[in-house]
Peer 1: 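Take this structure first; my questions come after.
Numbers for residues simply follow the sequence, beginning at 1.
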Amino acid sequence: MRVATAAAAGLAMAALVVGLGPQLIAASGLIGADGVYGETVFTLAIFVPLLVMAIVGGRLTGIATLNLGKRPGVTLAQGAAIGLGGLLLAVGYAAIAGTLVRGAGAPLSVASLVIGAVVVLVQVSAEEAYFRGWLQPLVATAWGMRIAVPVVAIGFALLHVAGGLRGPIELLNLFVGGLVFGILAARGAGLAGAIGAHLAWNGAEQLGFGLDPNPGIGGYGALVDYDLVGKALWGGSDAGLNASVAMTIGLLSLLVPLVLLSRRRPTQS
């Protein structure tokens with residue numbers, strides 16, 4: 001009961017930050033225009049508090065929230081390769097479906113891309129610290145890691161509903177992504193693998209291919225600019241790749257072998 005109460009309270013606090021944060025930021029007048037400044041202030045104002053909450057929650061419940069696990073450098077690189085591979089599969093399926101087209105692009109700024117990479121790192125680190133660094137080990141102390149991984153993945157997906165997500169495919173993709181990140185954290189006994197996979201996926205999607213937002217390009221720019229147009233089922237909507245079956249296939253291509261490997265070698269308990 002103590003674990004369930006703490007986990008429920010943690011999800012409720014995160015939902016408040018994600019749900020009310022954008023409104024409070026907009027009302028504060030801190031963001032005056034789009035671009036590097038606006039995206040940086042907005043993202044940090046949401047995810048730095050989430051990271052602090054994860055650390056404080058871990059301290060209060062006896063969880064080492066920022067534990068990177070065994071061989072963090074190697075595990076981080078492996079996770080990054082897994083995340084990038086999954087994204088490339090998703091982009092490839094969108095291309096086969098005929099929804100991937102070249103965008104108008106924008107002048108490339110190395111400085112903006114570097115700032116963007118740091119901001120994405122903060123964002124994914126905060127999410128992973130909160131869910132796979134704190135909540136997942138917390139739930140595992142009561143019910144074991146095999147229960148904790150899917151339960152926290154559900155919470156990870158539902159949190160995005162508070163942030164405005166509505167589509168069922170997008171919700172499914174977040175759940176499957178949460179399973180992938182959760183298994184990586186469990187297998188590596190820490191956050192490094194999950195952060196690597198999450199960072200590679202988000203970073204390549206936003207800063208590599210310019211697929212988020214869709215259509216168009218974010219304030220930080222991208223190495224190349226692609227848009228997804230046409231069939232919404234294959235990414236041709238405002239939600240882009242995140243609400244596409246191309247992303248579902250890419251994530252499942254990661255999840256299935258990870259599950260099979262986990263059955264051969266027990267996950268962290």
Peer 1: Find out if a path of hydrophobic residues (ILVMFWY) with successive side-chain heavy-atom gaps under 4.5 Å connects Leu88 to Ile249.
Peer 2: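 In one cluster: no.
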
Peer 1: Quick check against the 3.5 Å criterion: does Thr75 have a side-chain atom that pairs as donor or acceptor with the backbone of Gly193?
Peer 2: no

Peer 1: Indicate the atoms forming the closest heavy-atom contact of Leu228 with Gly235, along with that distance.
Peer 2: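 Scanning both residues, the minimum pair turns out to be CB-O, 3.2 Å.
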
Peer 1: I need the full list of side chain to side chain donor-acceptor pair (under 3.5 Å) pairs touching residues 94-110, with sequence neighbours left out, sorted by first then second residue.
Peer 2: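 Pairs touching residues 94-110 that pass the test: Ser109-Ser112.
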
Peer 1: Kindly give the heavy-atom pair with the smallest separation between Gly133 and Leu191, and that separation in Å.
Peer 2: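 Between these two residues, the closest heavy atoms are N-CD2, 3.4 Å.
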
Peer 1: Do Ser244 side-chain atoms and Leu241 backbone N/O form a donor-acceptor pair below 3.5 Å?
Peer 2: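 Flag set: sc Ser244 to bb Leu241 pair under 3.5 Å.
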
Peer 1: Any side-chain heavy atom of Leu254 sitting closer than 4.5 Å to one from Leu179?
Peer 2: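 Sidechains of Leu179 and Leu254: no contact.
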
Peer 1: Would a hydrophobic clustering, with Ile, Leu, Val, Met, Phe, Trp and Tyr connected at side-chain separations under 4.5 Å, put Leu100 with Ile96?
Peer 2: no

Peer 1: Do the side chains of Ile63 and Ile147 join up, straight or via other hydrophobic residues, at under 4.5 Å, putting them in one cluster?
Peer 2: yes

Peer 1: Determine, stepwise, if the pair Thr40 / Tyr220 fulfils side chain to side chain donor-acceptor pair (under 3.5 Å).
Peer 2: CA-CA 9 Å; Thr40 300; Tyr220 300 114; 2.7 Å; yes

Peer 1: Considering all heavy atoms of both residues, which atom of Ala200 and which atom of Gly83 are nearest to each other, and what is their separation?
Peer 2: CB-C, 4.3 Å

Peer 1: Can you tell me which residue pairs pass the ring-ring contact (aromatic ring centres under 6.0 Å, His included) test with a partner in residues 102-130, sequence neighbours excluded?
Peer 2: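 Of all non-adjacent pairs touching residues 102-130, those that pass ring-ring contact (aromatic ring centres under 6.0 Å, His included) are Tyr130-Trp134.
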
Peer 1: Taking all atoms of both residues into account, what is the closest heavy-atom pair of Ala104 and Asp225, and its distance?
Peer 2: N-OD2, 3.3 Å

Peer 1: For Phe209 and Tyr226, take the angle between the two ring planes, folded into 0 to 90°, and tell me which bin it lands in: parallel under 30, tilted 30 to 60, perpendicular over 60.
Peer 2: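 Ring orientation, 0 to 90° scale: tilted.
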
Peer 1: Indicate yes or no for a side-chain donor-acceptor contact from Gln136 to the backbone of Gly182 under 3.5 Å, with no hydrogens or angles considered.
Peer 2: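 Confirmed, Gln136 side chain pairs with Gly182 backbone.
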
